There are 2 protein chains.
Amino acid sequence: MSEGVEWALHSCINLAWIGPERAVPAARLAAWHELPAAYLNKQLQALARAGILASTSGPKGGFRLARPLAEISLMDVVVAVEGTAGAFRCAEIRSRGPGAVPTAGDGPACVIAQAMGRAELAWRRALAEQNLEELRQQAERRTPQAPERLRTWFHGP
Amino acid sequence: MSEGVEWALHSCINLAWIGPERAVPAARLAAWHELPAAYLNKQLQALARAGILASTSGPKGGFRLARPLAEISLMDVVVAVEGTAGAFRCAEIRSRGPGAVPTAGDGPACVIAQAMGRAELAWRRALAEQNLEELRQQAERRTPQAPERLRTWFHGP
DNA sequence: GAATCACTACTCGGATAGGGTGTGTCCGAGTATACATGG
DNA sequence: CCATGTATACTCGGACACACCCTATCCGAGTAGTGATTC
């Protein structure tokens with residue numbers, strides 16, 4: 001899985017901590033964790049295309065959350081960054097070679113693809129059940145000083 | 001996810017259909033679905049290392065199932081081919097840069113890693129709950145003639 | 001005729017090249033701000 | 001003093017190289033069978 005998913009999730013929570021008053025440039029979000037700015041920008045673009053973030057150009061521009069954290073699921077972020085394609089893709093090898101299923105005009109998918117699909121569905125469901133607001137609360141419970149530290153650093157030089 | 005997982009699963013079921021009497025060379029299993037023989041051999045090696053298959057060298061050698069299909073879960077095959085590493089790996093970016101959590105001597109993982117871990121756990125659980133015997137029965141129900149066709153072709157030229 | 005031995009052919013096993021998808025970087029389009037200028 | 005036009009600096013957005021892992025392949029180690037040879 002892409003590195004960018006982790007960056008995107010952290011960035012969303014950081015955006016929530018900074019507050020909705022002003023947009024935050026990608027470079028500033030990147031500096032907070034010493035990430036390559038241009039590449040983080042690429043991930044944030046993906047979030048903006050997915051409607052999770054709103055982007056503004058020019059001075060005082062940047063990214064801000066397009067909707068509350070409670071309305072953003074882990075699944076939304078993963079899909080925005082990674083795309084909708086599942087990890088397992090059936091190459092339909094059963095329809096090639098001497099073992100080709102004769103009747104398979106365009107029947108149902110092979111049982112292996114179905115079985116892997118069930119597992120991926122469980123994964124997607126688990127991702128969809130968790131939203132970023134819950135993650136934010138868990139993070140604040142763990143390190144209560146984190147939001148204030150971020151705001152101080154951000155409004156500073 | 002690797003292509004090899006699909007090949008490995010099909011090969012295990014095909015081995016069960018051919019029967020435990022004799023070992024099957026990788027080249028013959030590959031020919032059934034027109035797969036690159038040497039590369040399929042590589043995947044079967046991984047299954048052998050994991051104890052799912054037993055390998056024999058020399059003439060009349062090849063691979064055979066090391067235990068009944070009912071005792072082989074989808075998870076076993078995926079781990080054998082892909083390794084135990086999960087899809088999402090936390091790079092611990094929260095401990096780098098100005099935003100480094102000060103107290104984090106070696107505390108619990110960040111909430112994001114935990115959340116992704118929960119989703120992966122659901123995926124693993126779904127894989128572990130399904131065994132290859134179930135898949136074989138489903139496949140036979142769908143194409144009852146498949147096992148006989150395979151045996152005929154295999155014992156032929 | 002039976003046992004022994006060397007030879008052959010066949011299989012796995014790991015070491016060895018090539019391509020595709022992330023990973024990282026760069027420069028251009030667009031815009032809000034700030035300032036200078038004129039009324 | 002106020003309005004207006006212009007220049008500027010800053011941001012996103014997409015286009016451009018690089019690297020690593022999956023894919024694919026090859027050759028060597030080892031073994032079972034086979035045939036010749038000898039007692």
Side-chain angles (χ1 to χ4, degrees), chain A residues 1-8 11 15 18 21-31 33-66 78 80-89 91 93 96 154, chain B residues 1-8 11 15 18 21-31 33-66 78 80-83 85-89 91 93 154:
Chain A
M1 168 162 313
S2 304
E3 189 93 357
V5 173
E6 185 183 0
W7 301 2
S11 296
L15 279 173
I18 291 173
E21 296 83 19
R22 66 190 72 181
V24 182
R28 202 139 183 87
L29 278 173
H33 289 305
E34 278 181 353
L35 302 176
Y39 192 35
L40 177 63
N41 188 20
K42 196 179 183 62
Q43 315 299 340
L44 298 180
Q45 282 174 32
L47 293 181
R49 269 193 295 269
I52 296 173
L53 300 184
S55 62
T56 315
S57 285
K60 299 289 180 183
F63 294 91
R64 70 187 71 202
L65 289 167
V78 170
V81 175
E82 293 278 306
T84 60
F88 180 85
R89 58 180 181 79
I93 65 171
R96 299 197 329 230
F154 177 70
Chain B
M1 170 163 311
S2 303
E3 188 94 356
V5 173
E6 185 183 1
W7 300 1
S11 296
L15 279 173
I18 291 174
E21 298 83 19
R22 67 190 71 181
V24 182
R28 202 138 183 87
L29 279 173
H33 289 304
E34 278 181 354
L35 302 175
Y39 191 36
L40 176 64
N41 189 21
K42 196 178 182 60
Q43 315 297 340
L44 298 181
Q45 283 174 33
L47 294 181
R49 269 193 295 270
I52 297 173
L53 299 185
S55 63
T56 315
S57 284
K60 299 288 180 184
F63 294 91
R64 71 185 70 202
L65 289 167
V78 170
V81 174
E82 292 278 307
F88 180 86
R89 59 179 181 81
I93 65 171
F154 177 69

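Predicted, not measured: the structure shown is a model, and the values here were computed from it. Letters A, B, ... mirror the listed sequences (proteins, then strands); counts begin at 1.
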Heavy-atom nearest nucleotide on DNA chain C taken for Val24(B) and for Ser57(A); more 5' hit belongs to Val24(B)

Rounding to a whole Å, what distance do you find between Gln45(B):CD and dC27(D):C1'? 13 Å

Stepwise side-chain contact (heavy atoms from CB on, under 4.5 Å) check, Phe88(A) with Glu3(B): CA-CA 8 Å; Phe88(A) 180 85; Glu3(B) 188 94 356; over 6 Å; no

Going by the rule side-chain hydrogen bond (donor to acceptor under 3.5 Å, both in side chains), which residues pair with Gln43(B) if we only count those two or more places apart in sequence or in a different chain? Tyr39(B)

Starting at atom CD of Gln43(B), determine the distance to atom C1' of dA24(D), rounded to an integer number of angstrom. 11 Å

Whole angstroms only, please: what is the CD-P distance between Glu3(A) and dC18(D)? 22 Å

Spacing of Lys60(B) atom NZ relative to dG30(D) atom C1', expressed in whole Å: 18 Å

Mind calculating the distance between CD (Glu82(B)) and P (dC21(D)) to the nearest angstrom? 14 Å

Under 4.0 Å, heavy atoms only, any strand: does Ala26(A) hit a base, just the sugar-phosphate, or nothing? sugar-phosphate

Indicate yes or no: does Arg89(B) engage Glu6(A) in a salt bridge with an N to O separation below 4.0 Å. no

Using modelled atom types and a 3.5 Å cut-off, is there a donor and acceptor pairing between side-chain atoms of Arg64(B) and backbone atoms of Val24(B)? no

Using a heavy-atom cut-off of 4.0 Å to chain A, what are the terminal contacting nucleotides of DNA chain C, in 5' to 3' order? dT23(C) to dA32(C)

Hey, which sits more toward the 5' end of DNA chain C by its nearest nucleotide, Pro36(A) or Thr56(A)? Pro36(A)

Just wondering, do Met1(A) and Glu82(A) contact through their side chains at under 4.5 Å, heavy atoms? yes

Of all heavy-atom pairs linking Pro25(A) and Ala23(A), the shortest is CD-O, 3.9 Å

From CG of Leu44(A) across to P of dG13(D) the rounded distance in Å is 9 Å

